[in-house]
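Written below as structure tokens is the structure these notes are about.
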Amino acid sequence: VEICIGECGSTWAPTSSPTPYVCPTDEVNYDVNILTDNWPGETTWTLVNDCTPSDPVLSGGPYATANTLYQQSASIPCNAKYTFTINDSYGDGICCGYGQGSYEVKKDGKTVLSGGAFTSSESKTFGSCSSTPAPVPTKSPTPVPTKSPTSAPT
């Protein structure tokens, strides 16, 4: 008796494991994009390296022009844990009551966090202080066994 799930006689192969992000160099480019709301003077933000906390590695605001995209970039350590904190001094965030403001943090061109709807302050953390790279996935399992014998044993 042959019981099949899917296509009978097919060779099943596992899907590949996700590839962890590997830093191409010790430092990579980070971009912080802030789209101000109608009250840009209320908005400030910081990006802090939590592995070596001191002064922020990037910061911005308050801003002068409403509904404007501001961008700050820097090459900073790749293997680190960062906390991005954005503040609105009035307490209404940058979206959506008084404009359509937003923020976005990118690492080597890829978005690592974004948002805009908060009240007085919002903090988000990403990355890790670990300097050891993620483990490499093990080899795939061995091939699927061949079909069962067609005749009953004697």
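Taking the centre of each ring, Trp45 and Tyr103 stay at or above the 6.0 Å mark.
Under the 4.5 Å side-chain criterion, counting only non-hydrogen atoms from C-beta, Thr36 is not in contact with Ile94. Within the 4.5 Å cutoff, the side chain of Tyr70 has heavy atoms near those of the Thr68 side chain. With a 4.5 Å cut-off on side-chain heavy atoms, Ile76 and Val28 do not count as touching.
Checked against ring pair (Phe, Tyr, Trp, His ring centres under 6.0 Å), Tyr82 has the following partners two or more places apart in sequence or in another chain: Tyr30, Phe126. Considering only residues two or more places apart in sequence or on other chains, Cys51 meets the disulfide bond (SG atoms under 2.5 Å apart) condition with Cys129.
Residues Thr125 and Thr83 bring a donor and an acceptor atom of their side chains to less than 3.5 Å of each other. With hydrogens and angles left out, the side-chain atoms of Asn33 and Asp31 include no donor and acceptor closer than 3.5 Å.
A donor-acceptor pair under 3.5 Å is absent between the side-chain atoms of Lys124 and the main chain of Val112, judged by distance alone.
Closest approach of Asn67 and Leu35 over heavy atoms only: C-CD1, 4.0 Å. Listed here is the closest heavy atom pair of Thr46 and Pro56: CG2-CG, 3.9 Å. Pairing each heavy atom of Pro77 with each of Asn49, the nearest pair is CG-ND2, 4.3 Å. Closest approach of Ala74 to Leu58, counting heavy atoms only: CB-CD2, 3.7 Å. Across all non-hydrogen atoms, the minimal contact from Pro62 to Gly41 is CB-O, 3.2 Å. The two residues Cys95 and Gln100 have their closest heavy-atom pair at SG-OE1, 3.7 Å.
Atom OG of Ser102 is separated from atom CG of Asp37 by 10.0 Å, given to the nearest 0.5 angstrom. Here Thr44 contributes atom OG1 and Ile86 contributes atom CD1; the two are 8.0 Å apart, rounded to the nearest 0.5 Å. Between Thr43 atom OG1 and Ile34 atom CD1 the span is 7.5 Å, to the nearest 0.5 Å. In this structure, OG on Ser128 lies 8.0 Å from CG on Asn79, to the nearest 0.5 angstrom.
Legend: side-chain hydrogen bond (donor to acceptor under 3.5 Å, both in side chains) pairs involving residues 89-98, not counting sequence neighbours: none detected.
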- request: Step by step, work out the side-chain contact (heavy atoms from CB on, under 4.5 Å) result for Gln71 and Ser73.
  value: CA-CA 7 Å; Gln71 180 181 17; Ser73 300; 3.7 Å; yes

key: Derivation and outcome, side-chain contact (heavy atoms from CB on, under 4.5 Å), residues Ser121 and Thr85   = CA-CA 7 Å; Ser121 183; Thr85 302; 3.6 Å; yes

Given side-chain contact (heavy atoms from CB on, under 4.5 Å), test Lys107 with Cys78 step by step and report yes or no. CA-CA 9 Å; Lys107 177 181 182 178; Cys78 181; 3.7 Å; yes

| request: Walk me through it: do Leu113 and Glu104 pass the test side-chain contact (heavy atoms from CB on, under 4.5 Å)? | output: CA-CA 6 Å; Leu113 57 92; Glu104 178 181 46; over 6 Å; no

